[in-house]
Amino acid sequence: MRLTGFFALSGILLAALGLSGCFEDKETLAERYAEWRQKNEKYILDQEARVDAQGNAYFTRLTPSWAPDTYVLAHWHNDRRLTQNNLSPMDNSTVQVTYQLLNVDGEEISNSFSSADSVYTSRPSQNIIGMWVAMTSMNVGDSVTLVIPASAGYGERTYGQIPPYSTLVYGVKLKAIKAYEVP
């Protein structure tokens with residue numbers, strides 16, 4: 001009986017140490033990326049305050065009804081009146097886009113041009129929340145610059161060469177909807 005109690009107590013102590021290690025790692029992560037996080041948050045604020053030559057907001061803030069605390073900043077490079085009658089993808093449509101992904105320093109992280117056919121094919125709902133919101137707000141033929149806050153991107157996670165707390169800057173063109181699924 002005593003030995004069983006010892007193992008149970010040892011297990012509880014090991015679990016507690018493991019949890020404290022997780023908290024310590026999280027604090028270390030936040031501390032390690034504090035300057036990067038501030039830089040990325042400032043970038044978002046600066047872009048949201050940006051105006052065009054006529055004094056109008058440069059970016060449109062897209063907030064989905066299904067995630068009211070999430071947003072993406074979008075700037076259309078085309079005349080939306082010319083694409084307004086084109087299809088707009090649903091969450092489960094299969095779309096083809098071309099894209100370039102940059103960080104807030106303007107350094108390229110990835111692009112669709114390195115693939116054989118230069119397009120990225122997926123469903124909006126299979127992407128990070130920010131891209132999902134943007135794709136379903138576009139019509140075929142639209143070309144946009146997106147600024148996606150970390151909270152709608154990879155958040156506190158490292159993803160490939162994308163560090164935690166990263167704001168993502170995409171140039172995206174919705175080329176086609178290959179399969180327009182129904183809800």
Side-chain angles (χ1 to χ4, degrees), residues 40-41 43-52 54 56-104 106-183:
N40 281 264
E41 289 172 352
Y43 184 87
I44 287 280
L45 294 174
D46 290 348
Q47 297 310 306
E48 199 158 24
R50 190 173 168 185
V51 294
D52 64 17
Q54 290 78 37
N56 300 314
Y58 186 79
F59 285 99
T60 300
R61 188 177 180 133
L62 306 176
T63 304
S65 60
W66 48 268
D69 294 332
T70 300
Y71 71 94
V72 172
L73 301 179
H75 174 77
W76 273 263
H77 297 284
N78 59 286
D79 184 344
R80 294 202 75 199
R81 294 173 295 186
L82 301 176
T83 60
Q84 69 185 356
N85 294 325
N86 297 352
L87 284 177
S88 183
M90 293 190 290
D91 300 335
N92 62 349
S93 297
T94 301
V95 300
Q96 290 186 323
V97 301
T98 55
Y99 77 89
Q100 180 182 39
L101 171 59
L102 308 172
N103 65 19
V104 297
E107 299 165 344
E108 184 176 281
I109 298 170
S110 69
N111 67 62
S112 63
F113 309 110
S114 56
S115 69
D117 56 2
S118 297
V119 297
Y120 169 69
T121 303
S122 75
R123 292 181 176 188
S125 62
Q126 294 174 326
N127 292 275
I128 57 172
I129 291 174
M131 187 61 85
W132 181 356
V133 170
M135 285 179 175
T136 56
S137 300
M138 297 172 71
N139 296 333
V140 173
D142 282 344
S143 180
V144 299
T145 295
L146 304 172
V147 179
I148 301 175
S151 59
Y154 297 105
E156 298 177 358
R157 298 183 323 235
T158 298
Y159 184 80
Q161 50 182 314
I162 301 171
Y165 311 110
S166 291
T167 295
L168 306 173
V169 182
Y170 277 94
V172 178
K173 180 165 185 161
L174 180 56
K175 304 288 277 180
I177 298 176
K178 298 307 279 182
Y180 193 76
E181 304 293 332
V182 293

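These numbers come from the heavy atoms of this one structure, side chains and all, not from hydrogens, waters or symmetry mates. By convention here, the first residue in the shown sequence is residue 1.
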Could you pull out every donor-acceptor pair under 3.5 Å between side chains of residues 130-155 and any protein atom, sequence neighbours left out?
residue	atom	partner	partner atom	Å
W132	NE1	D91	OD1	2.9
T136	OG1	W132	O	3.0
T136	OG1	V133	O	3.2
S137	OG	V133	O	2.8
N139	ND2	T83	O	3.1
D142	OD1	N78	ND2	2.8
D142	OD1	T83	OG1	2.5
D142	OD2	W76	NE1	3.2
D142	OD2	N139	N	2.8
T145	OG1	H77	NE2	2.6

Subject >> Atom OH of Y159: over 12 foreign heavy atoms under 6.0 Å >> reply: no
**OP:** Carefully, step by step, assess V97 and K175 under the rule side-chain contact (heavy atoms from CB on, under 4.5 Å).
**Re:** CA-CA 5 Å; V97 301; K175 304 288 277 180; 5.5 Å; no
**OP:** Provide the closest heavy-atom pair for F113 versus S118 in the form atom of the first, atom of the second, distance.
**Re:** O-OG, 3.9 Å
**OP:** Specify the closest pair of heavy atoms between T63 and Y71, including all atoms of both residues, with the distance to one decimal.
**Re:** OG1-CB, 3.7 Å
**OP:** Look up atom CD1 in I128 and atom CZ in R157, then write down how far apart they are to the nearest 0.5 Å.
**Re:** 9.0 Å
Subject >> For Y120, the option from N127, T98, N111 that meets side chain to side chain donor-acceptor pair (under 3.5 Å) >> reply: N127
Subject >> Distance, nearest 0.5 Å, that separates CD1 of I177 from CG of L87 >> reply: 4.5 Å
Subject >> Nearest heavy atoms of L168 and I162, plus distance in Å >> reply: CD2-CG2, 4.0 Å
Original post:
Can you check whether L101's main-chain N or O pairs, donor with acceptor, with E108's side chain at less than 3.5 Å?
Top reply: no
Original post:
Taking S112 for the side chain and Y99 for the main chain, is one N or O donor matched with an acceptor at less than 3.5 Å?
Top reply: yes
Original post:
Is the shortest heavy-atom distance from the side chain of L62 to the side chain of T60 under 4.5 Å?
Top reply: yes
Subject >> Spacing of L45 atom CG and N40 atom CG [to the nearest 0.5 Å] >> reply: 11.0 Å
Subject >> Heavy-atom pair with the smallest gap, counting every atom of S166 and P163 >> reply: OG-O, 2.6 Å
Original post:
salt bridge (Lys or Arg N to Asp or Glu O under 4.0 Å) with R50: which residues, sequence neighbours excluded?
Top reply: none
Subject >> Shortest non-hydrogen contact between P164 and T158, atoms and distance >> reply: CD-OG1, 3.2 Å
Original post:
With side chains defined as the heavy atoms from C-beta onward, is the minimum distance between L102 and I109 less than 4.5 Å?
Top reply: no
**OP:** Any chance you could measure Y170, atom OH, to Q100, atom CD, to the nearest 0.5 Å?
**Re:** 11.5 Å
Subject >> Contact summary for Q96 and V119, nearest pair of heavy atoms >> reply: NE2-CG2, 3.9 Å
Original post:
How long is the gap from NE2 on H75 to OH on Y58, to the nearest 0.5 Å?
Top reply: 3.5 Å
Original post:
V95 and K178: side-chain contact (heavy atoms from CB on, under 4.5 Å), yes or no, with the steps?
Top reply: CA-CA 6 Å; V95 300; K178 298 307 279 182; over 6 Å; no
Original post:
Do side-chain atoms of Q126 reach the backbone of R123 as a donor and acceptor pair under 3.5 angstrom?
Top reply: yes
